Amino acid sequence: MKEITLFFQVHQPMRLRTYRFFDMGRDHNYLDDARNRTAMQSIAAESYIPANEMLLNLIRKYDGRLKVSFYISGLAIEQMRSFAPEALQGFRKLAATGCAEFVAGTYSHSFAALAGREALEKEVELHTAMMQAEFGVRPTAFFDTAMLYDDAIGGMIADMGFKTILAEGARHVLGWKSPNFVYANPQDQKVRLLLRNYRLSDDLAFRFSDSRWNEWPLTADKFAGWIRESEGETFNIFTDYAAIGAWNKEQSGIFDFIKAFVDNVCRDDDMRFATVTESAAAHQPIGVLYVNHETTWADEERDTSSWLGNELQQEAFGKLYAQQENVRRLDDPDFNHVWQFLQNADNFYWMATKWFTDSNQQISGSPYNSSYEAFINYMNVLSDFINELARRAESSGIEFAPLDDKTTEKPTSIINP
Amino acid sequence: MRVLMFGWEFPPHIAGGLGTACYGMTRGLAKNGVDVIFVMPKAYGDEDQRFVRVVNASDVEAVYREDGISEALWNKVSFMQIDSNMVPYSSPEEFACEHEKWLSAGERNLRRGDVWSERYTFSGAYGANLMEEVARYAVVAEQVARDLAGQFDVIHAHDWLTYCAGIAASRVSGKPLVIHVHATEYDRSGENVNPAVYDIEKAGILAADAVITVSNLTRNIVITRYGADPDKVFTVHNAVRFAPGDDMAAERFLDDKIVTFLGRITYQKGPDYFVEAAAKVLQRTNGVRFVMAGSGDMMPHVVRRVAKLGISDRFHFTGFLRGAEVNRMFALSDVYVMPSVSEPFGISPLEAMRSNVPVIISKQSGVAEILKYAVKVDYWDVDAMADAIYGLVTYPALGHMFADKGHEEVTGLKWDNAAAKIKAVYEHVTGAEHNAASI
């Protein structure tokens with residue numbers, strides 16, 4: 001029996017407003033509410049709401065034989081509560097069918113794992129609590145931001161009690177091995193790894209609407225046929241939920257494709273859908289997979305260079321997590337909220353310069369005109385946050401941790417000394 | 001005395017110090033009884049097809065109306081704008097870049113049916129590159145000089161973009177040419193001068209009947225690098241204009257001391273030395289923030305350097321500031337630093353002093369020649385610069401002393417006096433002083 005695992009990431013960043021030096025010390029509203037509302041409402045209308053409805057109908061139609069899994073970031077849930085409650089309601093309905101698994105991850109869609117165990121634990125604790133509150137089930141599987149994974153991160157996640165971890169089936173990690181089997185983490189071999197089949201996933205997410213692709217148009221029979229012909233036990237199609245309805249618009253036929261694909265699989269006795277936890281439990285690990293370096297699902301490199309590749313990103317990341325202890329000691333709801341959205345990895349992604357030399361160009365999806373603007377604006381907000389943090393601590397008599405050099409160390413060195 | 005003046009920018013639309021200087025100068029000349037016809041380039045949109053227009057002084061002055069300048073004074077000044085997309089402070093390379101953008105935004109052609117367009121229909125569009133545009137501007141200037149024959153006694157051209165225009169106007173009218181050197185190619189580009197720009201500068205300097213430089217520093221460059229006859233080169237230092245509202249106190253929301261750099265972020269202004277000095281100061285004290293206000297081609301480099309030094313939570317960028325924002329920035333500042341590698345004059349420290357801000361200036365600036373109450377350091381001496389910043393923010397008495405004395409000093413620098421010197425140069429070249437003496 002081949003298990004097909006459909007997993008979708010749901011995340012929307014909280015975009016910062018243009019925050020100028022002149023605002024510092026005076027105005028502590030950092031978010032661009034209008035922009036965030038527009039973005040959330042438009043993605044909900046295009047993708048989340050109709051896709052939820054489709055999946056719910058399919059689950060009913062095929063008597064619960066369709067299984068799906070989601071990671072929904074805490075920031076996305078907060079914004080759905082504010083701007084698109086109908087989308088959130090759709091996820092709750094899916095949860096109620098028992099056919100949707102909600103996977104744990106970072107609350108802020110952050111790279112807290114690279115800032116150390118404490119930062120990661122805090123993020124996961126918040127996210128797990130939110131999943132339990134929203135959907136009534138405590139997550140058992142784990143997806144780190146952008147599929148971030150290596151042996152050490154896997155070890156930390158295992159220590160938190162998760163039994164299944166999603167990771168990228170990166171070519172440089174697998175070599176001749178296939179992503180279509182369950183693997184084990186070398187530090188804790190009870191932990192099972194589900195690896196993303198990036199070919200099938202990207203066929204669906206990125207190539208489906210591309211008429212220059214030699215397999216275009218992609219039909220459900222063709223897609224299911226590829227799985228049927230492939231060797232393996234578990235086929236992991238992991239992508240962003242925006243692939244249904246936003247990246248591939250409704251007129252591309254993506255909704256009909258999903259319906260036909262589900263129908264095709266449900267009529268085949270050798271294939272079935274499974275949630276990530278079911279899929280990992282259904283098969284014995286075929287071997288231990290060693291991942292020495294951080295892998296993600298991004299770009300050709302499949303590493304963290306899009307987020308932490310240049311000095312701007314490393315500086316901002318280091319300066320942010322240097323405040324971790326202070327935020328913890330103060331533990332004020334207002335400050336915790338800001339701390340969450342400042343950790344969001346998108347902030348660092350928008351500072352990337354890896355694709356062009358002078359980077360006076362805009363990164364797609366970025367609210368900024370250039371990487372430098374992204375950095376300047378983020379640092380203005382962060383500087384004001386640090387300043388206010390110190391002011392509040394002073395007025396409430398909390399003693400702050402002295403800044404030692406360790407906390408401002410470059411993020412990459414924390415994991416790989 | 002009547003002067004035909006070729007400039008390239010005028011408030012409120014300015015990109016740098018030249019516009020501010022032209023404004024103060026024109027005003028000072030008017031007070032000294034000189035009539036000024038101010039000609040400048042201005043790129044118009046599609047809606048208007050005239051090549052030259054006479055602009056009401058009150059229109060140009062819209063923003064500055066409130067400072068109480070008398071109408072009678074402005075009657076002595078008239079404005080002409082020549083349709084041109086010449087951009088101040090741009091190199092030929094940058095212009096080529098901008099021009100591409102401009103072309104893609106839609107080229108336009110000359111339409112008929114207007115008195116001015118009838119007269120200036122020698123060319124249908126802007127020049128293809130900056131050099132061509134400079135030449136085109138000179139052709140228009142020549143026609144302007146013909147039309148205004150008998151209405152001016154001397155021609156005054158500011159910086160290299162307008163030298164050709166000045167020379168052309170001088171040739172057709174036979175009136176003496178005064179060129180005003182606010183900056184040379186050596187200031188802008190170090191030793192890597194653009195030979196085409198250098199040639200125009202040299203032609204202007206040699207053709208002129210008199211050369212006015214903004215400092216002795218620039219006077220030396222003009223004499224040694226361009227071979228000007230020392231007898232015809234005169235130094236007239238710039239001054240600073242006081243306007244109501246300059247002394248406004250901005251409310252402060254940060255407890256830290258603010259150290260400011262305000263200017264174009266280019267090689268000439270030495271922004272990287274400011275960054276290095278900031279890092280040194282921040283090693284010693286935490287109660288300071290550094291602000292870099294402006295934009296320019298070195299910005300990405302500077303941002304990266306700030307990140308690399310790990311001081312980005314204490315070093316902020318504001319982008320380009322205009323008008324009231326500049327005053328606000330000064331009002332928030334505790335120290336103003338101008339670390340220019342080469343600064344023919346440098347008007348911004350005077351504006352800072354006017355706002356009671358102590359200033360640190362590089363010895364390689366023209367303004368260093370006239371200021372006593374400013375800390376002067378070599379631009380490359382980041383240790384000395386860091387020392388001075390640390391001293392001014394840490395010892396209040398020192399800061400107060402420089403602020404008070406500096407304010408007093410800068411109050412004494414009046415455009416009226418500078419304009420009187422310029423008028424004397426006019427009289428020198430027109431021979432009016434001899435007439436005056438003989439009468």
Side-chain angles (χ1 to χ4, degrees), chain A residues 18-28 308-323 342 348 351 353 356-361 368-391 394 400 402-403 405 407-410, chain B residues 94 97 101 250-262 265 271 275 278-279 282-283 286-322 324-333:
Chain A
T18 303
Y19 189 83
R20 308 194 58 203
F21 168 73
F22 297 109
D23 296 320
M24 287 173 61
R26 183 182 60 156
D27 185 338
H28 313 302
L308 295 167
N310 68 26
E311 56 268 65
L312 307 181
Q313 296 166 312
Q314 289 164 9
E315 160 83 347
F317 192 86
K319 283 278 190 287
L320 173 73
Y321 282 103
Q323 297 302 318
L342 284 183
F348 306 106
M351 300 174 198
T353 50
F356 15 75
T357 46
D358 73 346
S359 86
N360 267 327
Q361 295 179 45
Y368 303 101
N369 292 322
S370 76
S371 314
Y372 297 98
E373 260 181 47
F375 175 74
I376 289 168
N377 203 53
Y378 182 83
M379 286 312 303
N380 280 351
V381 170
L382 179 58
S383 303
D384 183 64
F385 177 68
I386 294 171
N387 199 41
E388 289 306 304
L389 205 54
R391 276 184 183 173
E394 202 176 315
F400 263 8
L403 273 183
D405 286 337
T407 50
T408 52
E409 240 179 317
K410 294 232 173 83
Chain B
E94 284 165 355
C97 225
K101 285 186 203 160
E251 195 180 344
R252 288 186 172 225
F253 300 95
L254 293 167
D255 308 326
D256 304 299
K257 300 278 188 185
I258 309 281
V259 182
T260 305
F261 169 104
L262 197 151
I265 305 178
V275 174
L282 287 170
Q283 279 171 7
N286 234 336
V288 191
R289 287 180 191 274
F290 292 82
V291 177
M292 185 167 279
S295 58
D297 59 3
M298 269 182 68
M299 178 109 160
H301 165 82
V302 172
V303 173
R304 277 173 181 265
R305 185 65 189 150
V306 166
K308 196 96 189 164
L309 288 167
I311 54 173
S312 61
D313 55 335
R314 298 244 149 219
F315 196 110
H316 310 288
F317 295 86
T318 66
F320 185 76
L321 300 182
R322 272 180 197 82
E325 289 176 322
V326 173
N327 290 338
R328 185 152 163 227
M329 194 64 243
F330 280 133
L332 288 172
S333 302

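Everything numeric here is computed off the predicted structure, so don't read it as measured data.
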Exercise for the section: Before giving the answer on side chain to side chain contact (heavy atoms under 4.5 Å, CB included), spell out for V302(B) and Y372(A) the whole-Å C-alpha distance, their side-chain angles and the decisive distance to 0.1 Å. Expected result: CA-CA 10 Å; V302(B) 172; Y372(A) 297 98; over 6 Å; no
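Looking at R289(B), the atoms closer than 4.5 Å to chain A (heavy atoms on both sides) all sit in the side chain, from C-beta outward. Interface remark: I311(B) contributes backbone atoms only to the contact with chain A (heavy atom separation under 4.5 Å). Contacts between D256(B) and chain A at a heavy-atom distance below 4.5 Å involve the side chain alone, from C-beta outward. Residue contact with chain A, scored on non-hydrogen atoms closer than 4.5 Å, involves the backbone and the side chain of V303(B) alike.
Residues passing the side chain to side chain contact (heavy atoms under 4.5 Å, CB included) test with H28(A), sequence neighbours excluded: Y19(A), Y30(A), D384(A), E388(A). For the side chain to side chain donor-acceptor pair (under 3.5 Å) test, residues two or more places apart in sequence or in another chain that qualify with E325(B) are R20(A).
For F253(B) against M24(A), the heavy-atom pair with the smallest separation is CB-O, 3.7 Å. What you find for D313(B) and M379(A) is that their closest heavy atoms are N-CE, 3.7 Å. Taking each heavy atom of F317(B) and N380(A) in turn, the nearest pair found is O-ND2, 4.0 Å.
Looking at heavy atoms from C-beta onward, S383(A) lies in side-chain contact with H316(B) at the 4.5 angstrom threshold. A 4.5 Å side-chain heavy-atom check between F22(A) and V291(B) finds every atom pair outside the cut-off.
Listed for the E315(A) side chain is a donor-acceptor partner under 3.5 Å among the backbone atoms of S312(B). A donor-acceptor pair is defined here as one N or O able to donate and one able to accept, closer than 3.5 Å; no such pair exists between the side chain of K308(B) and the backbone of L312(A).
Chain B forms the most heavy-atom pairs under 4.5 Å with one residue out of I386(A), N387(A), D27(A), and that residue is N387(A).
Side chains of T353(A) and R304(B): a donor on one and an acceptor on the other come within 3.5 Å.
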